[in-house]
Amino acid sequence: MTSAIASQTVLILTAAVLFYVALTDLKHYRIRNELILVLAGLFFVHAILSGRWTTLHWNLAFAAILFLIMLYFYSMKMMGGGDVKLLTVAFLWVGPSCALPFALFLLLFVGIHTIAVKLKLVESQVVGERTQVAFAPSIAAALIGVFMVGCVKPF
């Protein structure tokens with residue numbers, strides 16, 4: 001198996017894991033740590049197979065900086081812990097070079113999800129005075145979208 005085919009296989013496996021994460025978050029409002037570790041591990045395997053390991057330090061720094069920023073929003077109870085974990089791994093995957101397409105896809109899918117919640121096509125949770133919406137489906141769809149447009153590709 002060539003490394004290009006192997007790296008594409010890793011992207012397909014990652015998309016399958018992301019789909020599972022999205023479904024479980026949609027149903028149970030939980031994102032398991034094991035799945036986050038699997039997604040991070042798949043990133044490193046993909047980086048090695050695709051030759052992206054040469055820019056690995058940029059992806060790690062980008063994800064770390066955004067993780068610290070998201071910790072603030074988590075401390076203010078504006079984000080859930082699972083969303084912070086999943087977004088950190090997503091930023092690890094996209095790095096600074098694919099951040100703009102990821103952000104645009106994320107905006108698109110959050111908008112679609114919000115409309116679906118308003119139309120009662122997708123359930124939400126009410127906790128106290130706040131309505132909680134599963135964010136993993138939007139994150140997963142955005143990351144898969146980045147994969148599909150070829151932004152995360154071998155060098």
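Here the structure is a predicted model, which is why all the values come from computation and not from measurement.
A continuous path of ILVMFWY side-chain contacts below 4.5 Å connects Val10 to Val149, so both sit in one hydrophobic cluster. By the criterion of side-chain heavy atoms lying less than 4.5 angstrom apart, applied directly or through intervening Ile, Leu, Val, Met, Phe, Trp or Tyr residues, Leu86 is grouped together with Leu60 in one hydrophobic cluster. Note on Leu100: it does not cluster hydrophobically with Phe109, by side-chain heavy-atom contacts below 4.5 Å among ILVMFWY residues. Both Met78 and Leu68 sit in one connected hydrophobic cluster of ILVMFWY residues. Membership requires side-chain heavy atoms under 4.5 Å apart, directly or through other members. Neither Val133 nor Phe73 shares a network with the other; the hydrophobic side chains, linked directly or stepwise wherever heavy atoms of I, L, V, M, F, W or Y lie under 4.5 Å apart, form separate groups for each.
Leu66 CG to Leu92 CG: the interatomic distance, rounded to the nearest 0.5 Å, is 11.0 Å. Rounding to the nearest 0.5 Å places CZ of Phe62 at 11.0 Å from OG1 of Thr88. The line from CG of Leu37 to CZ of Arg32 is 10.5 Å long, rounded to the nearest 0.5 Å. We find the OH-CZ distance between Tyr29 and Phe135 to be 13.5 Å, quoted to the nearest 0.5 Å. Here the CE atom belonging to Met76 is positioned 14.0 Å from the CE atom belonging to Met79, to the nearest 0.5 angstrom. Summarising the geometry, atom CE belonging to Met70 is positioned 9.5 Å from atom CG belonging to Asp83; distances are rounded to the nearest 0.5 Å.
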Test side-chain contact (heavy atoms from CB on, under 4.5 Å) applied to Ser138 and Leu106, step by step: CA-CA 6 Å; Ser138 299; Leu106 190 58; 4.2 Å; yes

Check against side-chain contact (heavy atoms from CB on, under 4.5 Å), His113 and Leu26: CA-CA 11 Å; His113 196 163; Leu26 203 53; 4.1 Å; yes

Candidate pair Thr14 and Ile144, rule side-chain contact (heavy atoms from CB on, under 4.5 Å), full reasoning: CA-CA 8 Å; Thr14 304; Ile144 292 169; over 6 Å; no

Trace of the ring-ring contact (aromatic ring centres under 6.0 Å, His included) decision for Phe67 with Phe91: CA-CA 9 Å; Phe67 173 73; Phe91 287 127; over 10 Å; no

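When all heavy atoms are compared, the tightest approach of Phe102 to Ala90 is CZ-CB, 3.7 Å. Closest heavy-atom contact between Pro101 and Cys98: CD-O, 3.3 Å. Pairing each heavy atom of Leu56 with each of Phe43, the nearest pair is CD1-CE2, 3.2 Å. When all heavy atoms of Val38 and Val17 are compared, the closest pair comes out as CG1-CG2, 4.1 Å.
The shortest side-chain heavy-atom distance between Leu18 and Phe147 falls under the 4.5 Å cut-off. Looking at heavy atoms from C-beta onward, Ile31 lies out of side-chain contact with Thr24 at the 4.5 angstrom threshold. Taking 4.5 Å as the limit, every side-chain heavy atom of Leu23 sits out of range of all side-chain heavy atoms of Pro137. His46 is not listed as a side-chain neighbour of Leu49, based on a closest heavy-atom distance of 4.5 Å or more. Annotation: side chain of Ile139 is not in contact with side chain of Phe105 (no heavy-atom distance under 4.5 Å). Looking at heavy atoms from C-beta onward, Asn59 lies in side-chain contact with Arg52 at the 4.5 angstrom threshold.
When each of Ile115, Leu108, Val110, Thr114 is paired with Ile112, the side-chain contact (heavy atoms from CB on, under 4.5 Å) condition holds for Leu108 and for no other.
Using modelled atom types, one side-chain atom of Trp93 and one backbone atom of Leu39 make a donor-acceptor pair closer than 3.5 Å. Looking at Asp25, its side chain never comes within 3.5 Å of a backbone N or O of Ala134 through a donor-acceptor pair. The backbone N or O of Ile36 lies less than 3.5 Å from no partner atom in the side chain of Lys85, so there is not a single donor-acceptor pair.
More than 12 heavy atoms of other residues, nucleotides or ligands sit less than 6.0 Å from atom CD of Gln132. Around the CZ atom of Phe44, the shell of radius 6.0 Å holds more than 12 heavy atoms that belong to other residues, nucleotides or ligands.
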